[in-house]
Chemist: 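Following this message is one structure expressed as structure tokens.
Whatever order the structure lists them in is the order used to number ligands and atoms, beginning at 1.
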Amino acid sequence: MKDVRHNWTEKEILDIYNMPVLELVHEAATTHRKFHNPSEVQVSSLLSIKTGSCSEDCAYCPQSARYATGIERHSLLPLEKVIESAKNAKKSGVTRFCMGAAWREVKDGPDFEKVLEMVRAVNDLGMEVCCTLGMLTEDQAKKLKEAGLYAYNHNVDTSREYYEKIITTRTYDDRINTLKKVRDAGITVCCGGIIGMGESIKDRVGMLITLSSFNPHPESVPINLLIPVKGTPLGDSKPVSVWEMVRMVATTRIVMPKSVVRLSAGRVNLSREGQALCFLAGANSIFLGDKLLTQPNPEANEDLEMFNILGLKPREAFKRIEERLQSTIE
Ligand code: SAM
Ligand code: DTB
Ligand code: SF4
């Protein structure tokens, strides 16, 4: 059977997700070793370049203007602050720098011009530059590419069916259209979602059907564990068990064998042992640094210590899948 498939069925993915968990981890670890160097982890860091006051109603998000979450809001950061933050990240071994803005969509004008400058500046530091700015037009995607943007993050978040329970101010198809524009502009795609929002296992599988139907698959797939933030509609959500995170990561690895699977938000609520199982099950990217966009992440020192214990090492920048495959074979 072909290694990379775009026609996974619900039954096939459900059967994988529901395997006895150790069998599942073994299968995912085997797939992982076929396509990736299992001791390499891609290390990214996040900077919120514009925080809060977002017009959207995403039920999980502390940055929506509709919920009182007490986060510190700010308009677009000055270029120097961004460069300083990227330089610091580079010093701690980070190879991908991701800039996030709490926008529904990008608007042409001075702010977008400033973002283009930021992209150029971070690219000049020799880092992979990623942005997550909301919806884009074709022209904006092209301009970001020309400025040196390497990846664009735009998540489908959940299944098509569950999506409308979480977000009403834009549609699943709006998201997919932006992702198409990103792909057509020649930017790599970073697209995943969240578990722990009250969705069913079928919804998790539905999200994986959407993601794996993209051809090519997204180069990165972030799996976020919901951080329940007080003031948001999902602030009182029950925590999901670590086994569900392990199952989700493992299933993602099997269904999209060549993609980088990122353990994204929510690592503060996972033990080291829990994260180790996720790495075994095919996760091969994290965010380093004590803050995500607005919410806490483990301290960088603790993560570097975890890497030491687990024998993991940060992967160098711009290493594409073909080169990684080569280094796995060597
Ligand atoms: N405004 C842009 C957008 O929506 O695409 C970019 C920023 S948005 C914060 C990026 C992603 O962060 C969301 O799609 C969601 O998957 C994730 N996220 C936001 N809040 C979260 C939370 N409380 N827990 C886990 N993931 C979260
Ligand atoms: C993604 O999937 N997770 C990151 C990144 N893409 C931009 C964001 C996580 C945000 C967690 C909530 C916060 O810090 O505000
Ligand atoms: Fe706005 Fe993005 Fe948060 Fe939704 S996820 S409220 S679009 S910042």
Chemist: Which option, His154, Glu105, Gln295, Arg175, owns the non-hydrogen atom nearest atom 3 (C) of ligand 1?
Modeler: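 Answer by nearest heavy atom: Arg175.
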Chemist: Out of all atoms in ligand 3, which are within 4.0 Å of some heavy atom of Arg170? Include the element for each.
Modeler: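 Counting from 1, the qualifying ligand atoms are 4 (Fe), 7 (S).
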Chemist: Could I get the full list of side chain to side chain donor-acceptor pair (under 3.5 Å) partners for Asn308, not counting sequence neighbours?
Modeler: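 Here no residue qualifies.
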Chemist: One pair to check against salt bridge (charged side-chain N to carboxylate O under 4.0 Å, His left out): Arg204 and Glu244. What are the steps and the verdict?
Modeler: CA-CA 10 Å; Arg204 291 178 194 161; Glu244 296 189 57; 2.6 Å; yes
Chemist: Under 2.8 Å from atom 3 (Fe) of ligand 3, how many protein N/O/S atoms do you get? Just the number, please.
Modeler: 1
Chemist: Nearest protein heavy atom to atom 23 (N) of ligand 1: under 4.0 Å?
Modeler: yes
Chemist: Evaluate Asn153 for polar contact with ligand 1, using N/O atom pairs at a separation under 3.5 Å.
Modeler: no
Chemist: Classify the angle between the aromatic ring planes of His154 and Tyr152 as parallel (below 30°), tilted (30 to 60°) or perpendicular (above 60°).
Modeler: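 Ring orientation of His154 relative to Tyr152: tilted.
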Chemist: Any chance the side chains of Ser44 and Arg96 put a donor and an acceptor closer than 3.5 Å?
Modeler: no
Chemist: Students should be able to answer this: which protein heavy-atom is nearest to atom 16 (O) of ligand 1, and at what distance?
Modeler: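 Residue, atom and distance for the closest contact: Asp157 OD1, 2.7 Å.
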Chemist: Side chain, backbone, both or neither: which part of Thr132 has a heavy atom under 4.0 Å from ligand 1?
Modeler: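 Answer for Thr132: both.
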Chemist: I need the atoms of ligand 1 closer than 4.0 Å to a non-hydrogen atom of Ala265, numbered in the order shown.
Modeler: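 The list of qualifying atoms is 25 (C), 26 (N).
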Chemist: Does an N or O anywhere in Asn155 fall below 3.5 Å from an N or O of ligand 1?
Modeler: yes
Chemist: Would you say Met135 ends up clustered with Phe112 if hydrophobic residues are merged whenever their side chains have heavy atoms under 4.5 Å apart, either directly or through other cluster members?
Modeler: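 No, separate clusters.
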Chemist: Salt bridge check: are Lys142 and Glu146 linked by an N-O gap of less than 4.0 Å?
Modeler: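 Looking at Glu146 together with Lys142, the answer is no, because their closest N to O distance does not fall below 4.0 Å.
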Chemist: Ligand 1 versus Leu293, non-hydrogen atoms closer than 4.0 Å: side chain, backbone, both, neither?
Modeler: side chain
Chemist: Give yes or no for whether the N/O distance cutoff of 3.5 Å, strictly under, is met between Ile227 and ligand 1.
Modeler: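 So ligand 1 has an N or O lying under 3.5 Å from an N or O of Ile227.
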Chemist: Where is the tightest heavy-atom contact between Glu164 and Glu161, given as atom of each residue plus distance?
Modeler: CG-O, 3.7 Å
Chemist: Give me the nearest non-hydrogen protein atom to atom 20 (N) of ligand 1 as residue plus atom name, then the distance to 0.1 Å.
Modeler: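 Protein heavy atom with the smallest distance to atom 20 (N) of ligand 1: Tyr60 CD1, 3.4 Å.
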Chemist: Is there a heavy atom of Gly100 sitting under 4.0 angstrom from any atom of ligand 1?
Modeler: no
Chemist: So which heavy atom in the protein is nearest atom 27 (C) of ligand 1, and how far is it from that ligand atom?
Modeler: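 Here the nearest protein heavy atom works out to Ile194 CD1, 3.8 Å.
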Chemist: Does a donor on one side chain sit under 3.5 Å from an acceptor on the other, for Ser200 and Asp203?
Modeler: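 There is such a pair between these side chains.
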Chemist: Kindly state if atom 12 (O) of ligand 1 has a protein heavy atom within a strict 4.0 Å cut-off, that is, under 4.0 Å?
Modeler: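 So atom 12 (O) of ligand 1 lacks protein heavy-atom neighbours under 4.0 Å.
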Chemist: Through direct or indirect side-chain contacts below 4.5 angstrom among Ile, Leu, Val, Met, Phe, Trp and Tyr, which residues connect to Val229?
Modeler: Leu46, Ile227, Phe287, Leu292, Leu293
Chemist: Please tell me whether Glu40 and Asn284 have a donor and an acceptor in their side chains that are separated by less than 3.5 angstrom.
Modeler: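 No donor-acceptor contact under 3.5 Å links the two side chains.
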Chemist: For ligand 1, is Ala101 a contact, meaning one of its heavy atoms is under 4.0 Å away?
Modeler: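 Within the 4.0 Å threshold, so yes.
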Chemist: Please answer whether the main-chain N or O of Thr169 pairs with a side-chain N or O of Arg104 as donor and acceptor at a distance below 3.5 Å.
Modeler: yes
Chemist: So for Arg170, does at least one of its heavy atoms come nearer than 4.0 angstrom to any atom of ligand 1?
Modeler: yes
Chemist: Between the protein and ligand 2, which nitrogen or oxygen pairs come in under 3.5 Å, and how far apart is each?
Modeler:
| unit_1 | atom_1 | unit_2 | atom_2 | d |
| --- | --- | --- | --- | --- |
| ligand 2 | 2 (O) | Asn155 | ND2 | 2.8 |
| ligand 2 | 2 (O) | Asn224 | ND2 | 2.8 |
| ligand 2 | 3 (N) | Asn224 | OD1 | 3.0 |
| ligand 2 | 6 (N) | Asn153 | OD1 | 3.2 |
| ligand 2 | 14 (O) | Leu293 | N | 2.9 |
| ligand 2 | 14 (O) | Thr294 | N | 2.8 |
| ligand 2 | 14 (O) | Gln295 | N | 2.9 |
| ligand 2 | 15 (O) | Thr294 | N | 3.2 |
| ligand 2 | 15 (O) | Thr294 | OG1 | 2.6 |

Chemist: Does Thr232 approach ligand 1 within less than 4.0 angstrom via side chain, backbone, both or neither, non-hydrogen atoms only?
Modeler: neither
